Number of protein chains: 2
Amino acid sequence: MEGASNQLPKGSGAAINKGRRTANRILDAAEALFARNGYEATSLRDIAAEAGIQQPGLYKHFASKEDLYRQVYERALRPVTDLMDQLLTGSDDGFDQLANRMTDLLAQHPTIARLLVRAVVSSDSQPDLVALDWLNRVVGYGRRLSEKAGEDPAGDLLAVQIVAIFNMLFGFFWASPLLESLTGKPATDERAMALQKTLLQTFIAALPGMAEPAGKVP
Amino acid sequence: MEGASNQLPKGSGAAINKGRRTANRILDAAEALFARNGYEATSLRDIAAEAGIQQPGLYKHFASKEDLYRQVYERALRPVTDLMDQLLTGSDDGFDQLANRMTDLLAQHPTIARLLVRAVVSSDSQPDLVALDWLNRVVGYGRRLSEKAGEDPAGDLLAVQIVAIFNMLFGFFWASPLLESLTGKPATDERAMALQKTLLQTFIAALPGMAEPAGKVP
DNA sequence: GTCTATATCTCGATAGAC
DNA sequence: GTCTATCGAGATATAGAC
């Protein structure tokens, strides 16, 4: 479903890039299943069936299940790094655009939030290193973006704020089944999206007001 | 593997409630492992080893793995329902106390947030009905609490706000490894907790101000 | 490059001795 | 009530025909 498997020229030789197109079909199937069910709960047989081949055939395109998992993340999270790079290099401070544009992006690519949540539930004993790596990259972008915007609270406060923004940004989509059960409409509903954006901006605007060096709660 | 951690009760030979105490040891081990690794990634052999018995012995205390899973949730989430009942029946409006007291409670019982996050990552094809059931109960409490506090925005707005508060309340603990990597201190650190509470109250206080019927983002 | 067949492992659950 | 032994299912990965 997700991703762009058809970026090949249709006119050229038919059977030449067959292997490449099979690999892309596999990536499409794997991305959808990994996002929905996670790494452990997704079997290579399911992926192969969805891609229209048998399970051992996967090993002609990917070295292992983990190799396939890593390549899924690299392809799927590209739009996020592209957006963050754009916001970082832009002339205006990209921080106030983060909420709206990231929300739109996550709505357009529903697998991204689901893939990243695997880092949050990763266990200490058997950590999901792939998801954790990408989580750190995304948070690293967020920190650089807040620095560029001139935000400079004490270290601990900045960390708590970054975590909060991250949770609101991605949690909206993680909790989309919950939102649907409450409203009866999908999370990507236009009105729900607009409300979430307003809420995010309200929240971000209220952040500097809480900056009290001593951190004492009134 | 290695089952040699035999900590026998030092007290007198009270063999009467041995079965009961074994069941509680199993529940303790299962709660810790389910919270850390989730249902699928936790094997009955691991639980039994941590409880000091062999795997088939579990079936003398619990009918199945799912039965054990359900009983773990019922015991672990009791503090949450107790707190919500208390806030609901209290004389003052319990809504403004929700943030502080729930944050303290989740810090005191670290498994609760980790157990509930399984509802968020539950797949459509094989949903975690136990975790989803408890998520709905908790959110139901939250909705009743906001009604009691006199909050009465339009239905969609209320839903988006409830999801946001839920995400900030629980996401702080879900993302505790992330916070630790940013600050070097555990999420239950006194200063981080105080900052999170202030942030939560700032956010909740800002909520009514965003109530715009048309939901147009400036 | 795709297939069938299979090796090896781990899982939940059951049977039966004590 | 705990143990040892084991079953049947499903997992990843490999071998070899075509």
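All figures in this text were calculated on a predicted structure; none of them were measured in a lab. To find a chain, count down the sequence lines: A is the first, B the second, and so on, and within it residues start at 1.
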5' to 3', nucleotides 12-18 of chain C under a 4.0 Å protein heavy-atom cut-off (B base, S sugar-phosphate only, - none) gives BBB----
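Distance Gln54(B) CD to dT2(D) C1': 9 Å, rounded to the nearest Å. Regarding Asn37(A), its CG atom lies at a distance of 16 Å from the C1' atom of dG10(D), rounded to whole Å. Leu58(A) places its CG atom 13 Å from the P atom of dA11(D), with the value rounded to the nearest Å. To the nearest angstrom, P of dG1(D) lies 13 Å from CZ of Arg25(B). For the pair Gln126(A) CD and dT10(C) C1', the computed distance is 12 Å after rounding to whole Å. Atom-to-atom, CG of Leu33(A) to P of dA11(D) comes out at 12 Å; the value is rounded to the nearest Å. Computed from coordinates, the Phe62(B) CZ to dT2(D) C1' distance equals 15 Å when rounded to whole Å. Put simply, CD1 on Ile53(B) is 7 Å from P on dC3(D), counting in whole angstrom units.
Within a 6.0 Å sphere centred on CZ of Arg143(A), other residues, nucleotides and ligands contribute 12 heavy atoms or fewer. Residue-environment remark: CZ (Arg78(A)) stays at or below the threshold of 12 foreign heavy atoms within 6.0 Å.
For Asp104(A), the side-chain contact (heavy atoms from CB on, under 4.5 Å) criterion is met by Met193(A), Lys197(A), not counting sequence neighbours.
The closest donor-acceptor contact from the side chain of Lys148(A) to the backbone of Leu88(A) lies under 3.5 Å.
In this structure, Arg144(A) is positioned above the aromatic face of Tyr141(A), its NZ or CZ under 6.0 Å from the six-membered ring centre and within 45° of the axis.
Within the structure, every side-chain polar atom (N or O) of Thr22(A) is placed at least 4.0 Å from both OP1 and OP2 of dG1(C).
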Could you walk me through whether Arg75(B) and Asp28(B) pass salt bridge (Lys or Arg N to Asp or Glu O under 4.0 Å), step by step?
CA-CA 10 Å; Arg75(B) 194 188 67 161; Asp28(B) 291 340; 2.8 Å; yes
